[in-house]
Amino acid sequence: MSTQSKPSAEQMAYHGGEMEQDSPLDTMRHSAAHIMAAAVLEMFPDARFAIGPAIENGYYYDFELPRSLTPDDFPEIEERMARLRKADNPFERAELSRSEALEAFGDQPYKVEIINDLPEDATISVYKQAHFTDLCRGPHVPSAGQVGPFKLLSVAAAYWRGDEKRPQLQRLYGTAWATQQELDDYLWRLEEAKKRDHRRIGKDLDLFMVSEQIGGGLVTWLPKGATIRRELENFIIKAEERGGYKHLYSPHIAKIELYMTSGHWQHYRDSMYSPIKVEEEQYILRPMNCPHHIMAYKNSLHSYRELPLRLAELGTVYRYEKSGELTGMSRVRGFTINDAHIFCRPDQLREEFVRVVELIQELYQAVGFRDYVYRVSLRDPADTEKYVGGDEMWQLAENAIREALDSIGAEYVEAVGEAAFYGPKLDIMVRDVLGREFAASTNQVDLYLPERFELEYVDADGSRQRPAMIHRAPIGSLERFFAFLTEQHAGAFPVWLSPVQAVVIPIADRHAGYAEEVATRLREADVRVEVDARSERMNSKIRDAQMQKVPYMLVVGDREAEAGAASVRLRSGEDLKAQPMDEVIRMVTEDIREHR
RNA sequence: GCCGACGUAGCUCAGCGGCAGAGCAACUGUUUCGUAAACAGUAGGUCCCCGGUUCAAAUCCGGGCGUCGGCUCCA
């Protein structure tokens, strides 16, 4: 039964929105999971078994065991698995009636639960591998010997059926491949990925820090990271101003009543911090910007002629995240959203949403951000508790998003149950170096908050009408976006974003004066440039600049000083030889201007 | 928050009951060099915190805090 678990939205996104047939590799990995379970059964005869599917790059199996497994147990489990593989027993399939199955798995409560959840007409099959018989849909490889090279990777806790109120099981992760070479390659890729981890690079390049004294999940952008952020912010604001957005600033805290009106206090409280008492009034750190922008909208009466009104802010919000889920810059407790709220007539929704998607594409293009997937996050019609508003409202909002994407031919996957409590979303999903999936951007159609706040505009006939709203955040939070940007570029940011765009490297101390002249000329052209005037060898300075991923290294010695030139080395290692200073300045400033 | 692993110099890590260590970085001196690491020296520690065991604890035990990997949740 192990493969019959419902695919998560993440898995669906990875498979491009369709459940694929089990590939031969998936089948083999799923068989590896059975062999691992058989090995665990040898060690723990009382083990209870949950599920053990193939996943991207490997497999896992969830167990309930009398004691916790640790990595020290891996060698023994792997040895037992190797023996089972060598014994090469067949995977034998049998079909059981419901009562036979319940009888056979009487001492396996998780299997019993799965059987009871199966539809009436389901075929119930089991697979026997050596001494281990498992409830399973299959398919499997013919015999244990067909399982490829494998390795156990980690052990972690996982709640039964993903529910934190239910028992916690031990999940053993493994990987398996068709050949030893592929296994080695995969393990090597894992190591390489760690080198691109934004936390590693953030430390190496002095981009940001998280201090225990300040608090977990509270990020300090160090000067170099702050430079990148400021460039991004300026770029975003300019693009948005071109797109008709008006930027504003609003405070980070507000009276609690504001968030009661919006419904956040009722529906989003788990993510909000406790109120702060100020002179008999309760204030809270805002978890979202929308109520503030709505108040800005309500500050004056609006004509239909003004719509769409697009109010934007790089708005800082604070959300409570459990300590165990904080990570570097990608999961934090205080962050700044590239936020905006578009107030428009309902008939303008589709076109406005198209413009939102186009803006996203423009921004991503400019920063060299490529690997992402559109996900339309829909309401789960079965779970009405979680959402507000009626069917009609949801349908209108969901259709606006789908139609917008269809009209520009964008491909997307749909994820039921991932909507916000007040509306469906277009999420843009990206993966970090370790393959974990995050939303980089969320964009929502909202017909609910205008209702809650009784928003109005004056229509052509003088009547009062209710506007629709779009919440949009093309790059989501600056923190998370920065994390992915860092990983995608492995710290070698495009020139226009690089904190240090050029380093001037004098060959000997006597060239320091000329190096300063070179730097001054670049500074006058608004290039971020530093002079490495240490009494080090040129080779050493080049190495340091390379490690800092500085895009331009400008070596100057006697020849360059004589000619009014600089020798240009790029971080790719390419040596462009001596270039006149005018040419050097032209190259660098062109890269910056063209966002290269 | 839950399960597991890990917390030693600014960074990366060794040491695992008996004097606190290495490389890199920093600092000082020598070297003035042509495209990825010159040489020598100096300094740097609450071994995460609190408690316990022991003649003796970085090391063993208990509790706490933090980080990391998962789970749940999410920008």
Side-chain angles (χ1 to χ4, degrees), chain A residues 60 62 68-73 153-173 194 197 199-200 203-204 206 210-213 215-216 268 270-271 287-289 315 317 319-339 418 420 425 427-430 434 436-443 471 473-481 483-484 505-512 534-547 553-560 567-571 573-578:
Chain A
Y60 68 77
D62 285 349
S68 293
L69 292 172
T70 79
D72 293 339
D73 294 312
L153 294 179
S154 61
V155 58
Y159 301 104
W160 168 236
R161 300 223 147 150
D163 184 343
E164 57 184 326
K165 290 176 201 68
R166 307 203 61 184
Q168 202 164 45
L169 307 171
Q170 297 195 59
R171 178 169 296 176
L172 204 45
Y173 284 92
K194 284 183 194 154
D197 190 311
R199 291 165 296 190
R200 174 76 261 144
K203 214 172 242 182
D204 290 345
D206 290 318
V210 182
S211 155
E212 203 177 306
Q213 282 76 31
Y268 203 69
D270 287 351
S271 299
M288 291 200 186
N289 301 307
V317 299
R319 298 183 189 172
Y320 168 67
E321 301 283 353
K322 295 173 189 168
S323 55
E325 52 200 18
L326 301 173
T327 15
M329 274 235 185
S330 45
R331 195 74 187 272
V332 295
R333 285 179 171 162
F335 55 97
T336 299
I337 304 177
N338 157 223
D339 214 349
E418 296 292 328
K425 305 188 285 184
D427 291 321
I428 297 182
M429 307 307 292
V430 298
L434 298 175
R436 296 178 292 204
E437 195 171 52
F438 292 80
S441 167
T442 76
N443 309 278
H471 308 239
I475 71 160
S477 89
L478 287 162
E479 284 77 6
R480 182 174 288 181
F481 193 77
F484 289 104
I505 298 174
I507 287 176
D509 288 350
R510 66 175 181 280
H511 307 119
R534 293 172 303 160
S535 294
E536 284 288 346
R537 293 177 65 227
M538 179 201 64
N539 278 327
S540 165
K541 296 178 188 179
I542 286 176
R543 179 166 196 273
D544 288 342
Q546 283 286 154
M547 306 253 282
M553 282 155 271
L554 306 175
V555 177
V556 296
D558 293 331
R559 299 201 293 266
E560 288 79 8
S567 283
V568 179
R569 181 195 160 100
L570 306 179
R571 63 187 161 191
E574 194 180 352
D575 183 356
L576 302 182
K577 306 291 181 188

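The chains referred to below are lettered A, B, ... by the order of the sequence lines, with proteins before strands, and numbering in each begins at 1.
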The answer to which of A/Ser154 and A/Thr442 contacts RNA chain B further toward the 5' end, by nearest nucleotide, is A/Ser154
Rounding to an integer number of angstrom, what distance separates B/C13 and B/C55 when you compare their P atoms? 37 Å
A/Arg333 side chain near B/A75 phosphate (N/O to OP1/OP2, under 4.0 Å): no
Could you say whether A/Val210 or A/Gly162 is positioned toward the 5' end of RNA chain B, judged by the nucleotide with the nearest heavy atom to each? A/Val210
With a 3.5 Å limit on both atom pairs, tell me what B/U42 is paired to, counting Watson-Crick and G-U wobble, or say none. B/A26
A/Ile505 has an atom CD1; how far is it from atom C1' of B/C33, in whole Å? 13 Å
Going by atom types alone, do A/Ser567 and A/Glu560 pair a side-chain donor with an acceptor below 3.5 Å? yes
Which part of the nucleic acid, if any, lies within contact of A/Asp558, taking any heavy atom under 4.0 Å across all strands shown: a base, the sugar-phosphate backbone alone, or nothing? base
Across the strands shown, which category fits A/Ala158 at heavy-atom distances under 4.0 angstrom: base, sugar-phosphate, nothing? sugar-phosphate
For A/Arg199, answer base if it contacts any base atom (sugar-phosphate contacts may also be present), sugar-phosphate if it contacts only those atoms, and nothing otherwise; contact means non-hydrogen atoms under 4.0 Å. sugar-phosphate
Presence of A/Ser323 side-chain N/O under 4.0 Å of B/G1 phosphate oxygens OP1/OP2: yes
Mind checking A/Glu321 for me? I need base, sugar-phosphate or nothing, with any heavy atom below 4.0 Å counting as a touch. base
I want to verify a distance call: between B/U32, B/C71, B/A26, whose nearest atom is closest to the A/Arg534 side chain? B/A26
Any base atoms under 4.0 Å from A/Ala473, or only sugar-phosphate, or nothing? Heavy atoms, all strands. nothing
Which protein N or O atoms sit under 3.5 Å from an N or O of nucleotides 35-40 of chain B?
from, atom 1, to, atom 2, distance (Å)
B/U35, O3', A/Arg569, NH1, 3.3
B/U35, O2', A/Arg569, NH1, 3.1
B/U35, O4, A/Ser567, OG, 3.2
B/A36, N7, A/Arg569, NH2, 3.2
B/A36, N6, A/Gln546, NE2, 3.1
B/A37, N7, A/Arg543, NE, 3.1
B/A37, N7, A/Arg543, NH2, 3.2
B/A37, N6, A/Arg543, NH2, 2.6
B/A37, N1, A/Arg543, NH1, 3.2
B/A37, N3, A/Arg543, NH1, 3.3
B/A38, OP2, A/Arg537, NH1, 2.7
B/A38, O5', A/Arg537, NH1, 2.9

B/G70 pyrimidine/purine six-ring stacking with A/Tyr173, under 5.5 Å and 30°: no
Please confirm whether the shortest side-chain N or O distance from A/Arg171 to OP1 or OP2 of B/C3 is below 4.0 Å. no
Ignoring hydrogens and angles, are the base of B/G1 and the side chain of A/Tyr159 linked by a donor-acceptor pair under 3.5 Å? yes
Between CZ of A/Phe438 and P of B/U72 the distance, given in whole Å, is 13 Å
Give each protein N/O atom lying under 3.5 Å from an N/O atom of nucleotides 8-14 of chain B, with the pair distance.
from, atom 1, to, atom 2, distance (Å)
B/U12, OP1, A/Arg200, NH1, 3.3

Among B/A75, B/C2, B/C71, which nucleotide sits nearest the side chain of A/Ser477? B/A75
Mark yes or no for a side-chain to base donor-acceptor pair under 3.5 Å between A/Gln168 and B/C2, with no hydrogen or angle criteria applied. yes
Counting only Watson-Crick pairs (N1-N3 plus N6-O4 or O6-N4) and G-U wobbles (N1-O2, O6-N3), all under 3.5 Å, who is the partner of B/C16? none
State which of B/C33, B/A75, B/G70 makes the closest approach to the side chain of A/Arg510. B/C33
Taking the same atom, P, in B/G44 and in B/G7, what whole-Å distance lies between them? 25 Å
Got a donor-acceptor pair under 3.5 Å from the side chain of A/Glu212 to the base of B/U67? no
Exercise: do A/Asp427 and A/Ser441 side chains pair donor with acceptor under 3.5 Å: no
Looking across every strand, which nucleic acid part, if any, lies under 4.0 Å from A/Arg436 by heavy atom: base, sugar-phosphate, or nothing? sugar-phosphate
Once you apply a heavy-atom cut-off of 4.0 Å, does A/Leu326 come out as touching a base, just sugar-phosphate, or nothing? sugar-phosphate
In Watson-Crick or G-U wobble terms, both distances under 3.5 Å, what is the partner of B/G4? B/C68
Minimum side-chain heavy-atom gap A/Val555-A/Met538 below 4.5 Å: yes
Identify which nucleotide among B/G69, B/C73, B/C3 has an atom closest to any side-chain atom of A/Ala157, counting heavy atoms from C-beta outward. B/C3
Could you measure between the two C1' atoms, the one in B/A9 and the one in B/U53, and give it in whole Å? 29 Å
